[in-house]
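Please read all numbers here as calculations on a predicted model, not as lab measurements. Counting starts at 1 for both ligands and their atoms, in listed order. Heavy-atom basis, side chains included; hydrogens, waters and symmetry copies ignored.
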Amino acid sequence: MAFCNTLIVRTFTQTAAMAAAIKNVTVIGSGLMGAGIAQVAAQTGHHVTMVDIDEVAVGKAKDRIGASIQRVAKKKFAQDPEAGQKFISSALEKLQISTDAISSVKSADLVVEAIVENLDVKKKLFAQLDEVAPSHAIFASNTSSLPIGKIAAATNRKDRFGGLHFFNPVPVMKLLEVVRIPETSQGTYEAMCDWGKAMGKVTVECKDTPGFIVNRLLVPYMFEAVRMLDRGWHAEYPENTLFEPCELLTNMVAEGKHGVKSGKGFYEYNKK
Ligand SMILES: CC(=O)CC(=O)SCCNC(=O)CCNC(=O)[C@H](O)C(C)(C)COP(=O)(O)OP(=O)(O)OC[C@H]1O[C@@H](n2cnc3c(N)ncnc32)[C@H](O)[C@@H]1OP(=O)(O)O
Ligand SMILES: NC(=O)C1=CN([C@@H]2O[C@H](COP(=O)(O)OP(=O)(O)OC[C@H]3O[C@@H](n4cnc5c(N)ncnc54)[C@H](O)[C@@H]3O)[C@@H](O)[C@H]2O)C=CC1
């Protein structure tokens, strides 16, 4: 029992230390996802460096972040525009941009990679960063479809490696899949979850399997919709009532009854 308690205390202390340590975040890749991740990290008080090999892309990303933060502030501080302005300027002050990944990770506590979906390119990047990043720094990939284990294999820090899979648009979507490989330490996993929560996300634990959880469900679902279209759907089988458009649904859509979003559908909804 005493051994068990010691373990719990030690695990808690290590985790608290690692989570508290995540102050400086380097996001590599300033495209759709990288910019979103950098924005939310800066909005939630982290010092963020957003890096891209393309100088023009990283500049444009900063502009997009500025516009997106305005939208967030307008909603979050609807009753207090002054507080909204402070929120915007404080977030933008915390955000640096760079084209030099090597120097940008030197004081990082967490590196989140969101570059092109190519295993060799990701491995090459992480192998270089592994040489220069602080030993305590956690590395994470935002990959949608590549095995985290294969990317982590390029480094000597598999215990401090995992997946942080965000959803587009990052400032809006609440879910964050936290992917662990067998080597990911408990402290690293918990620090990634704690950081995700500090970013305002709901975290869900995933194994390193194809599509993790969401894309494993979403991709076959979307393909099936496209296959249906490909098959000609109802026009191809006019005699099959199963594919017949439902009159009630057609009328409801025409009347703008789109469910929760429009405040009316099969039910009436009170928008808060
Ligand atoms: C591929 C992968 O590996 C994983 C993935 O990402 S799978 C994709 C997962 N993402 C989704 O399923 C999202 C699908 N899209 C949607 O649900 C909607 O388009 C959306 C909620 C994102 C936007 O809704 P919309 O009706 O199309 O647009 P809009 O009315 O302009 O925006 C809705 C709200 O989101 C906010 N918003 C949208 N985009 C934003 C952005 N980039 N930054 C900040 N706020 C944003 C708006 O301010 C707005 O807020 P209010 O309703 O409070 O005014
Ligand atoms: N688009 C989406 O809906 C989602 C994408 N993802 C994943 O996120 C990652 C990024 O996707 P997107 O943002 O859509 O891509 P994107 O194409 O919008 O942006 C990628 C950026 O990375 C930069 N880049 C490429 N190689 C680089 C390198 N070696 N160093 C620094 N920067 C480099 C490019 O210049 C580009 O600006 C991918 O792994 C993708 O699978 C994850 C969730 C959702």
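In this structure, the side chains of T209 and R216 stay at 4.5 Å or more apart for every pair of heavy atoms. At least one side-chain heavy atom of L164 sits under 4.5 Å from a side-chain heavy atom of V178. Counting heavy atoms from C-beta on, the side chains of H165 and M33 never come closer than 4.5 Å. Contact check for E177 versus F167: side-chain heavy atoms found under the 4.5 Å cut-off.
Between the choices I151, L164, I53, L125, the shortest heavy-atom distance to atom 27 (C) of ligand 2 belongs to I53. Closest to atom 1 (N) of ligand 2 by heavy atom, among L32, D100, V112, I28, is L32. Among I115, I37, L129, T143, the residue whose heavy atom lies closest to atom 9 (C) of ligand 2 is I115.
A donor-acceptor distance shorter than 3.5 angstrom exists from the side chain of D109 to the backbone of N24, with no hydrogens or angles considered. Judged purely by atom type and a 3.5 angstrom limit, D208 has no side-chain atom pairing as donor or acceptor with the backbone of I181. Distance alone, capped at 3.5 Å, places no donor-acceptor pair between the D52 side chain and the A57 backbone. In terms of modelled atom types and a separation under 3.5 Å, the side chain of T184 and the main chain of F161 share a donor-acceptor contact.
Atom 17 (O) of ligand 2 is never approached by the protein to below 4.0 angstrom, counting heavy atoms only. Distance check on atom 17 (O) of ligand 1: every protein heavy atom falls at or beyond the 4.0 Å cut-off. Inside a 4.0 Å radius of atom 32 (N) of ligand 2 there is at least one protein heavy atom.
The protein atom (non-hydrogen) at minimum distance from atom 15 (N) of ligand 1 is P169 CD, 5.0 Å. The single protein non-hydrogen atom nearest to atom 39 (O) of ligand 2 is E117 OE1, 2.5 Å, given as residue, atom name and distance. For atom 5 (C) of ligand 2, the closest non-hydrogen atom on the protein side is M33 CG, 3.4 Å. With respect to atom 21 (C) of ligand 2, the closest heavy atom belonging to the protein is D52 OD2, 3.6 Å.
Distances from ligand 1 to the non-hydrogen atoms of M33 include no value under 4.0 Å. Every heavy atom of I69 sits 4.0 Å or more from the atoms of ligand 1. Judged by the shortest distance from any of its heavy atoms, A114 lies inside the 4.0 Å radius around the atoms of ligand 2. Under the 4.0 angstrom criterion for non-hydrogen atoms, K122 is in contact with ligand 2. Residue H165 places a heavy atom under 4.0 Å from ligand 1.
A distance of 10.0 Å separates NZ in K207 from CD1 in I213, rounded to the nearest 0.5 Å. Note that CD of E224 is 13.0 Å distant from CE of M222, once rounded to the nearest 0.5 Å.
Taking both residues in full, the closest heavy atoms of A42 and L95 are given as CB-CB, 4.4 Å, listed atom of the first, atom of the second, then distance.
Residue contacts with ligand 2, taken as heavy atom pairs separated by less than 4.0 Å, do not involve F167 at all.
Each of the following atoms of ligand 1 lies closer than 4.0 Å to a heavy atom of S144: 2 (C), 3 (O).
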